[in-house]
Amino acid sequence: MNHFCQYAKKCNSCQLCNLSYEDQLRHKEHICRKYPGKLCTVKKITPSPRITGYRNKAQFVYKREGKRLVSGLYKSATHSVMAADHCAICTDTANAITAALAKLFYSFKVMPYDPYTERGWLKSVVIREAAATGEVMAVINGADKSFPAKRTFTTALQKACPMLTTAVITVNRDRTKLFTGKQSEVLFGSGTITDILCGEKFIISPTSFYQINHDQTEQLYQKALELAELSGNEIVLDAYSGIGTIGIIASRKAKFIHAVELNPAAIADAKRNAQLNGIDNIRFTAADSRDYAKRLTEKDARVDVAFIDPPRAGCTSSFLNSLAKLSPDRIIYISCNPETQARDLRVLGRLGYRAEVCYPFDMFPHANHTESVVLLTKKD
Ligand code: SAH
């Protein structure tokens, strides 16, 4: 057992949890020096404001133990479920909800789904919380539509978990997919939660991407905005925009924002978010960033500053080519994978951009992920 988690040796969700927090920070800073650091200066890592209870999204799985149903964590390397009554990086609210749900599922005879025998129904529960407003959503993921006694279950759920502001059921028939369901049905509430980030409101749907560490995300976005040096006259590109967080926050300081994101559900949220905040100088497009950036070059569109925030795989070279053709003065590259970030920085280097500085942020204490923001400027 380590200093903060009793399951540290058994659970492999947090790969670095046997290191002290200082050593984890040193390790992540080292990763940044090893990759983007070969091309630019790496600043000191910004530690996470909280190192336990920081996740606003918690994923739980369930298993039968004798005559009980228990909540647990999914061991990704072994495909087995480890019973755990407390996850240290999840909030107390999420831990309390999953414990209450385990009892409720058992009393309603809702049994965990087994991908081998294809028996049972319950795949997982995802608890999403809006740190700033206190809204909480439970997303109950099942194997098919046949959930029994929905009405009585909903009443019992509201009684057992009064902190929930909404609950939805999602269904995923794919044997191997445990956490995300496409079809969803609202049990009660609005089916979304609303959070506040850097002063703007954001509606979050059950499956939309949203940064999991609220307070650290605010620090990261503030740094990204500071590096962008917006004066109010810039045309900005927000590529890989998700539900529109960066673009909406930047829109107050820019003339116009082009935002692009692949997931149509996230774009629907993004449009609602712009409306919710009374912002009309932003346009969201559901498309592949690569195709969208190419279209902008064909239209000879002006882009002064670009924020790019791709998934772990990084950008495609074709996207980077179009981006360089658009010729923004500054590119702010936010990444959750310093290795692919460094690869893309090299490509941008050949296309006329200099990586100036890298700021690492610890978004995921105890887990093996490193987040970094790099500023690139056009070479003369
Ligand atoms: N900037 C957002 C989201 C970053 S996560 C935030 O900070 O909240 C990366 C996003 O890229 C995801 O929403 C994912 O759906 C999207 N994405 C993945 N591949 C893409 C592609 N080829 N083109 C556009 N968006 C893509």
Side-chain angles (χ1 to χ4, degrees), residues 55-57 128 130-132 179-180 182 192-225 227-228 236-251 254 257-274 277 282-297 305-323 326 331-338 340-341 344 347 359 361 363-364 369-374:
R55 284 193 70 100
N56 60 22
K57 178 182 177 187
R128 303 192 78 166
F179 290 112
T180 47
K182 278 217 172 95
T192 59
I193 50 169
T194 303
D195 202 7
I196 301 171
L197 202 62
C198 299
E200 311 291 345
K201 289 186 189 142
F202 294 99
I203 295 176
I204 303 152
S205 293
T207 60
S208 292
F209 176 88
Y210 186 64
Q211 297 283 3
I212 55 103
N213 184 336
H214 177 273
D215 297 356
Q216 185 68 323
T217 301
E218 288 194 326
Q219 304 203 74
L220 175 99
Y221 286 177
Q222 267 149 20
K223 178 54 74 183
L225 271 184
L227 295 172
V236 172
L237 172 66
D238 175 12
Y240 310 90
S241 72
I243 59 166
T245 43
I246 297 172
I248 285 173
I249 292 162
S251 70
I257 317 268
H258 298 281
V260 58
E261 154 68 42
L262 195 57
N263 176 0
I267 283 291
D269 284 354
K271 287 181 178 165
R272 277 206 288 173
N273 288 333
N277 293 291
I282 187 161
R283 187 165 55 225
F284 289 100
T285 307
D288 190 313
S289 290
R290 181 194 58 190
D291 303 335
Y292 185 74
K294 186 155 182 278
R295 262 185 273 154
L296 288 181
T297 62
V305 172
F307 293 95
I308 62 176
D309 187 7
R312 287 183 61 73
C315 304
T316 58
S317 56
S318 124
F319 168 75
L320 296 172
N321 266 307
S322 299
L323 179 64
L326 289 167
I331 299 172
I332 322 298
Y333 189 149
I334 302 169
S335 162
C336 53
N337 183 350
T340 54
Q341 186 181 41
D344 294 346
V347 175
Y359 289 87
F361 283 83
M363 278 288 214
F364 314 99
H369 296 298
T370 306
E371 189 93 7
S372 53
V373 187
V374 169

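We count ligands from 1, going down the list as the structure has it; atoms in each ligand are counted the same way.
Val260 does not count as a contact of ligand 1, since none of its heavy atoms falls under 4.0 Å from the ligand. Within the 4.0 Å heavy-atom shell around ligand 1 one finds Ala287. A heavy-atom separation below 4.0 Å is not found between Phe307 and ligand 1.
For atom 22 (N) of ligand 1, the nearest non-hydrogen atom of the protein is Asp288 OD1, 3.2 Å. Among protein heavy atoms, the minimum distance from atom 18 (C) of ligand 1 is reached at Pro311 CG, 3.5 Å. In terms of protein heavy-atom proximity, atom 10 (C) of ligand 1 is closest to Glu261 OE1, 3.5 Å. For atom 9 (C) of ligand 1, the closest non-hydrogen atom on the protein side is Asp309 O, 3.4 Å. When hydrogens are left out, the protein atom nearest atom 24 (C) of ligand 1 is Ser289 OG, 3.1 Å; that is the closest non-hydrogen contact.
Residue Ser241 touches ligand 1 through its backbone alone, judged by heavy-atom distances below 4.0 Å.
Contact detail for Ser208 and Ala266: the closest heavy-atom pair is OG-CA, 4.0 Å. Taking both residues in full, the closest heavy atoms of Arg128 and Pro206 are given as NH1-O, 2.9 Å, listed atom of the first, atom of the second, then distance.
Ligand 1 has an N or O atom lying under 3.5 Å from an N or O atom of Leu262, backbone or side chain. Polar contact check, Tyr240 against ligand 1: a nitrogen or oxygen pair lies under 3.5 Å apart.
Between Phe202 and Tyr210, the ring planes lie tilted relative to each other; the angle falls in the 30° to 60° range.
Gln216 places none of its side-chain heavy atoms less than 4.5 Å from the side chain of Gln211. For the pair Thr217/Met363, a side-chain contact is recorded, criterion being any heavy-atom separation below 4.5 Å from C-beta on. Contact check for Ile248 versus Phe284: side-chain heavy atoms found under the 4.5 Å cut-off.
Here the side chain of Gln341 pairs a donor or acceptor atom with the backbone of Tyr333 at under 3.5 angstrom.
If you number the atoms of ligand 1 from 1 as listed, the ones under 4.0 Å from a heavy atom of Tyr221 come out as 6 (C), 7 (O), 8 (O). For ligand 1 and Thr245, the ligand atoms under 4.0 Å from any heavy atom of the residue are 6 (C), 7 (O), 8 (O).
Taking CD1 of Ile257 as the start and OG of Ser251 as the end, the distance is 5.5 Å to the nearest 0.5 Å.
With a 6.0 Å radius and a threshold of 12 heavy atoms from other residues, nucleotides or ligands, Arg283 has its CZ atom at or below the threshold.
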